[in-house]
Trainee: 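So that we are looking at the same thing, I have put the structure below in structure tokens.
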Number of protein chains: 2
Amino acid sequence: MARERQDIALAVSTVIFALRPHPETGLSAPWIPLVRRIAAPFESRWALPGGWVAPRESLEDAAARNLLETTALEPTYLEQLYAFGAVDRSPEERVVSVVYWALVRADQAQQSREGENVRWFPADDLPQLAFDHNVIVDYALWRLRTKVEYSRIARAFLGETFTLTELREVHEAVLQKPLDAANFRRQVESSGTLVPTDSVVTGGRHRPPRLYRYNETIELVDNGPLGHEKTGSTRVVS
Amino acid sequence: MARERQDIALAVSTVIFALRPHPETGLSAPWIPLVRRIAAPFESRWALPGGWVAPRESLEDAAARNLLETTALEPTYLEQLYAFGAVDRSPEERVVSVVYWALVRADQAQQSREGENVRWFPADDLPQLAFDHNVIVDYALWRLRTKVEYSRIARAFLGETFTLTELREVHEAVLQKPLDAANFRRQVESSGTLVPTDSVVTGGRHRPPRLYRYNETIELVDNGPLGHEKTGSTRVVS
DNA sequence: GCAAAAGTGTTAGCTTTACACCCATGA
DNA sequence: TCATGGGTGTAAAGCTAACACTTTTGC
């Protein structure tokens, strides 16, 4: 079963989400950074950050490296989204793209070099992108929204400790709808995913809220194909 | 941004599920076909059916073609599972595998050429496979079990029309646990996914059960990245 | 009639949702 | 003391799970 030359280029791209106020509503919402293409095809169009896979790096390493090189971002969460492999998705060359999605905190997002060639856009209001990237972003947004409800990805938008209101605001920003504060509190408290700390936040003109942290002792669900193994397939950097 | 030679081989493999009686319990359970390797690496080990991606075929087409060539199977359902890209998953060569999972009916499964080099195994009791294929099968099995509960993939194991008992037996085989017939009936009836036909099945020594078919007019959920478009990313062949 | 599976009814317990209300702090 | 968000209480509605019971067929 000898293999002849395939001549299929293998690329990785990443949809990176951060939360920022939406320009229209003013409410916190998902934004993504895009990179302006400086060569054909789709020259001068906005596209997802990405690049080629090197022969001696894993797909995930390739995604993280390209992310860092093009946007200077190091995400706190990185997960594979889908492999896109239609024959005509790139003119001329045959390119298969393994796409990842990532989450960064607002403070990390500000460290990305923004400028002529890198700019952040509200994820629900994008220009026409290069290749099939509009479809990809829509799918990533759908995954983010479904997964925030049953997993603990919201932590990637938060610091080590946080108040329940901060956690709820992350959920509201992702889902783009208000949540009942009382019921939200009971849901997360009964889920056992959080542990209260001894600290509260003082300084507000109101009762000081308690700080929580994530409970690291409980096992995760839907952690990808290697999630049942000792080493997860999703990269979580605290 | 000129790209030098990557020398990364792009392969597809597929985890194909069919339902058959389990050799120990006698109850219906998921089985998968495996292919015996006839060359290094992992010569003589069992492995998932698969092969290389041709330059001018999509990933999904490549999966379907390799399936047909190695096992003579044409699945009724085919969906991408995950792209596996660890550097050392194949010795010597660098191989990235885009893995699909597929469902076939029992009658279709019997048409696969079984023999020295192709054999069916109970999915929960496999020998040590080539490469990382044990991990892949476990993940596919997890996806099958979670997805059967919220989507309509069970249809891929059934004919055009079927009784509610037949549908329930598919769920029981996948989940490997008995379900309450009365509650199962109410769940699927209230979901609106099924439409009763005018026909019943006669011949049993009991009240003749009604035949149902799937309601094609309702929109699907979680149909992959292209699921929101007119053409789905999952292949459903009736 | 009787066995067997189809199909309906009923109830206890749990979860969800909506919203009223009290609490603790800074100004 | 008042405004503000933190946090608790509560009840209606809906859903789930378990199981009793009725229906319709073949023999």
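Protein chains get the first letters and strands the later ones, always in sequence-line order, with residue 1 at the start of each.
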Trainee: Is the closest side-chain heavy-atom distance between B:Val174 and B:Phe157 below 4.5 Å?
Mentor: yes

Trainee: Is it the case that the side chain of B:Ser190 and the backbone of B:Gln187 share a donor-acceptor pair, with hydrogens and angles ignored and the cut-off at 3.5 Å?
Mentor: yes

Trainee: Could you run down nucleotides 4-12 of chain D 5' to 3' and tag each one B, S or - for protein heavy-atom contact under 4.0 Å?
Mentor: BBBSBBB--

Trainee: Could you tell me the boundaries of the chain B footprint on DNA chain C, defined by atoms under 4.0 Å from its heavy atoms?
Mentor: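 Endpoints of the contacted stretch of DNA chain C: C:dA3 to C:dT10.
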
Trainee: For the residue pair A:Leu167 and A:Phe184, establish whether any side-chain heavy-atom pair is separated by less than 4.5 Å.
Mentor: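 Result yes, sub-4.5 Å side-chain heavy-atom pair found.
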
Trainee: For the pair B:Thr76 (side chain) and B:Leu103 (backbone), establish whether a donor and an acceptor sit closer than 3.5 Å, ignoring hydrogens and angles.
Mentor: yes

Trainee: Could you tell me whether the side chain of B:Arg145 reaches within less than 4.5 Å of the side chain of B:Gln176, counting heavy atoms only?
Mentor: yes

Trainee: Are the side chain of B:Arg210 and the backbone N or O of B:Thr197 linked by a donor-acceptor pair below 3.5 Å?
Mentor: yes

Trainee: Will you find, in the side chains of B:Arg155 and B:Thr193, an N or O donor that is under 3.5 Å from an N or O acceptor?
Mentor: no

